[in-house]
**Q** 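Pasting a structure here, questions to come.
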Amino acid sequence: MFEAMKEVLVAIWHQDFNALLTPGSAALIYILVAILISLESGFLPAAPLPCDSIVILVGTLSSVGVLEPIIIFPLLIISASAGSWLAFLQGRWLNKLPFVQSWLSKAPTKQMLTVDTLLCRHSLVALFAARFVPVVRSILPMMMGMRVHEEPRFHYFSWLSASLWVGLLAGVGFILPVLPEPISHIVTMGLMAAPLITLSIVIITAITWKIRKALQTKLKLI
């Protein structure tokens, strides 16, 4: 049992499609995929796990009949949402620690209010975009646990963003086998590059915002 689980885990990690077609591997794929998605969504040290490509792979395996879409798609959504909830709970716990409270108290009140407003007003967009950036995927729910006080609101947007994320990636994976090989390759490469593109946009936006704030402060002094 352990050896079979190890083989399936290695096949998932290396995206070995042929190895995953082995009869009897479906049950292990369900279990391992759910665990990997939950860990990567909920814990920062698990950020290197290739969860975006795993979700695409799951969609493809569903398309060729290895997995049942009616089982694996809801399972992915539950796993992603459960992982985000674990990250949210970590944020709640961190917020109770004295050194975290001390650090937050030193931050400018105006900026913290801006962060709170953005997290509350753009929760869905933020959580959806964060799901495409491995590190941010677990950090953002943690931040919301520290700053957002309405837990039902978080759960609503977490489940909705997880559904959109799984629907998009697994849906693309589902149609990949029916696409011509060149188009399939281009789509796959584009999806693999999506996290880097999203992260670049976030970094550029943050730098632009900082520069604008610095210029506005300078103009006020003049």
Side-chain angles (χ1 to χ4, degrees), residues 1 4-5 8-9 11-13 15-17 19-43 46-47 49-90 123-134 136-142 144-145 148 150-179 184 187-188 191-192 194-195 198:
M1 178 67 178
M5 187 174 291
V8 172
L9 182 60
I12 292 173
W13 185 270
Q15 308 289 298
D16 189 344
F17 188 78
L20 294 172
L21 295 176
T22 306
S25 62
L28 291 175
I29 295 173
Y30 288 126
I31 295 169
L32 291 173
V33 164
I35 293 172
L36 291 173
I37 296 296
S38 298
L39 287 175
E40 203 273 346
S41 299
F43 299 97
L49 295 174
C51 284
D52 289 320
S53 55
I54 287 174
V55 175
I56 297 170
L57 177 65
V58 164
T60 304
L61 291 172
S62 301
S63 179
V64 299
V66 176
L67 303 176
E68 288 291 338
I70 198 170
I71 297 174
I72 192 62
F73 282 27
L75 184 62
L76 289 173
I77 294 170
I78 293 169
S79 301
S81 301
S84 296
W85 182 57
L86 289 173
F88 183 87
L89 292 178
Q90 290 173 63
S123 301
L124 176 59
V125 176
L127 283 169
F128 178 66
R131 291 200 180 275
F132 291 91
V133 186
V136 182
R137 191 178 294 154
S138 56
I139 287 180
L140 184 63
M142 196 181 299
M144 294 183 78
V148 176
E150 300 176 18
E151 191 167 339
R153 181 184 177 87
F154 166 78
H155 283 301
Y156 173 75
F157 287 119
S158 176
W159 281 84
L160 188 54
S161 65
S163 301
L164 293 171
W165 178 65
V166 170
L168 176 62
L169 294 184
V172 170
F174 194 84
I175 66 171
L176 280 180
V178 301
L179 294 176
S184 175
V187 171
T188 303
L191 288 169
M192 293 302 101
T198 308

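Position 1 is the first residue of the sequence; numbering continues from there.
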**Q** Do L57 and L61 have side chains that approach each other closer than 4.5 Å (heavy atoms only, starting at C-beta)?
**A** yes
**Q** Report yes if the side chains of R137 and D52 come closer than 4.5 Å at any heavy-atom pair, otherwise no.
**A** yes
**Q** Under 4.5 Å between any side-chain heavy atoms of S84 and M144, yes or no?
**A** no
**Q** Which heavy atom in H155 sits nearest to a heavy atom in W85, and how many Å separate them?
**A** CE1-CD1, 2.8 Å
**Q** Name all pairs fulfilling the salt bridge (Lys or Arg N to Asp or Glu O under 4.0 Å) condition that reach into residues 164-178, sequence neighbours left out, sorted by first residue then second.
**A** none
**Q** Is there a donor-acceptor contact under 3.5 Å from the side chain of S161 to the main chain of S158?
**A** yes
**Q** Could you state the interatomic distance from CD1 (I35) to OH (Y30), rounded to the nearest 0.5 Å?
**A** 15.0 Å
**Q** In this structure, which one of L36, I29, L32 forms a side-chain contact (heavy atoms from CB on, under 4.5 Å) with I54?
**A** L36
**Q** Restricting to non-hydrogen atoms, name the atom on S62 and the atom on I72 that form the minimum distance, rounded to 0.1 Å.
**A** OG-CG2, 3.3 Å
**Q** Report the residues that fulfil ring pair (Phe, Tyr, Trp, His ring centres under 6.0 Å) with F154, sequence neighbours left out, ordered by chain and then residue number.
**A** F88
**Q** Indicate yes or no: at least one non-hydrogen side-chain atom of I56 is less than 4.5 angstrom from one of L176.
**A** yes
**Q** Mark yes or no for whether S79, through its side chain, and S38, through its backbone, hold a donor-acceptor pair below 3.5 Å.
**A** no
**Q** Within the 4.5 Å heavy-atom criterion, are R131 and C51 side-chain neighbours or not?
**A** no
**Q** How close do G173 and T60 get, heavy atom to heavy atom, and via which atoms?
**A** O-OG1, 2.9 Å
**Q** Which atoms form the tightest heavy-atom contact between A80 and A162, and what is the distance?
**A** CB-CB, 4.0 Å
**Q** Take V33 and L75 through the side chain to side chain contact (heavy atoms under 4.5 Å, CB included) test and state the conclusion after the steps.
**A** CA-CA 9 Å; V33 164; L75 184 62; over 6 Å; no
**Q** Measure across V166 and F73 and return the closest heavy-atom pair with its distance rounded to 0.1 Å.
**A** CG1-O, 4.0 Å
**Q** Return yes if some donor-acceptor pair links the side-chain N/O of Q90 with the main-chain N/O of G42 below 3.5 Å, else return no.
**A** yes
